[in-house]
Amino acid sequence: QVQLAESGGGLVQPGGSLRLSCAASGLIFSISAMGWYRQAPGKQRELVATITSGGITNYADSVKGRFTISRDNARTVFLQMNSLKPEDTAVYYCNVITRSRNYWGQGTQVTVSS
């Protein structure tokens, strides 16, 4: 059983910060990349940021300069979100890619509102 434990979501005012965490556990091997996606009501799920096993990062244009993806080991990934905007409001999903399949977390709600 593979599980992705997500945490760190919540309600924050515009301009504030949040840090999301995702820890993979269970029988999972050969992780090639981890990342974050988000989905707002009525919209498609979109890429936010990814990081490969080699440390290469990729960001959506809308979050460049504000968000930072990082990891402290091969199974844990973080997303530091600064200067948050109302348009960042969405459910954020952790994603793990292996050589055979991909996995998704349950999602954590991020709401940016005054």
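For Q3, the side chain to side chain donor-acceptor pair (under 3.5 Å) test picks out no residue, with sequence neighbours left out. Partners of R75 by side chain to side chain contact (heavy atoms under 4.5 Å, CB included), not counting sequence neighbours, listed by chain and number: A24, I28, I31, N73.
Scanning all heavy atoms of the two residues, the minimum distance from T89 to A40 falls at O-CB, 3.7 Å. Nearest heavy-atom pair across T76 and M34 is N-SD, 4.0 Å. Heavy atoms only, all atoms of each residue included: Y59 and I69 are closest at OH-N, 2.9 Å. Taking each heavy atom of R71 and S53 in turn, the nearest pair found is NH2-O, 2.9 Å. In terms of heavy atoms, P14 sits closest to S114 at CD-N, 3.7 Å.
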Name the atoms and distances for all side-chain donor-acceptor pairs under 3.5 Å in residues 78-87, with sequence neighbours left out.
unit_1 : atom_1 : unit_2 : atom_2 : d
Q80    : NE2    : N82    : OD1    : 3.0
N82    : OD1    : S17    : OG     : 2.9

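A donor-acceptor pair under 3.5 Å is absent between the side-chain atoms of S32 and the main chain of R99, judged by distance alone. Here the side chain of E6 pairs no donor or acceptor atom with the backbone of L20 at under 3.5 angstrom.
With values rounded to the nearest 0.5 angstrom, N95 atom CG is found 9.0 Å from C22 atom SG. In this structure, T50 OG1 and I97 CD1 are separated by 7.5 Å, a value rounded to the nearest 0.5 Å. Q13 CD to T111 OG1: the interatomic distance, rounded to the nearest 0.5 Å, is 13.0 Å.
More than 12 non-hydrogen atoms from other residues, nucleotides or ligands lie less than 6.0 angstrom from CD of Q109.
Judged by a 6.0 Å distance limit and a 45° cone about the ring axis, R45 is positioned over the six-membered ring of Y93.
In the hydrophobic clustering of this structure, V91 does not group with L4; members are Ile, Leu, Val, Met, Phe, Trp, Tyr whose side-chain heavy atoms approach within less than 4.5 Å, directly or through other members.
Inter-residue side-chain proximity for Q39 and Y37 is flagged as unmet; no heavy-atom pair is nearer than 4.5 Å. Between L47 and N58, the closest side-chain pair of non-hydrogen atoms falls below 4.5 Å.
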Dump the intermediate steps for side chain to side chain contact (heavy atoms under 4.5 Å, CB included) on S25 and V2, then the final yes or no.
CA-CA 6 Å; S25 62; V2 175; over 6 Å; no
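Between F67 and W36, the ring centre distance reaches or exceeds 6.0 Å.
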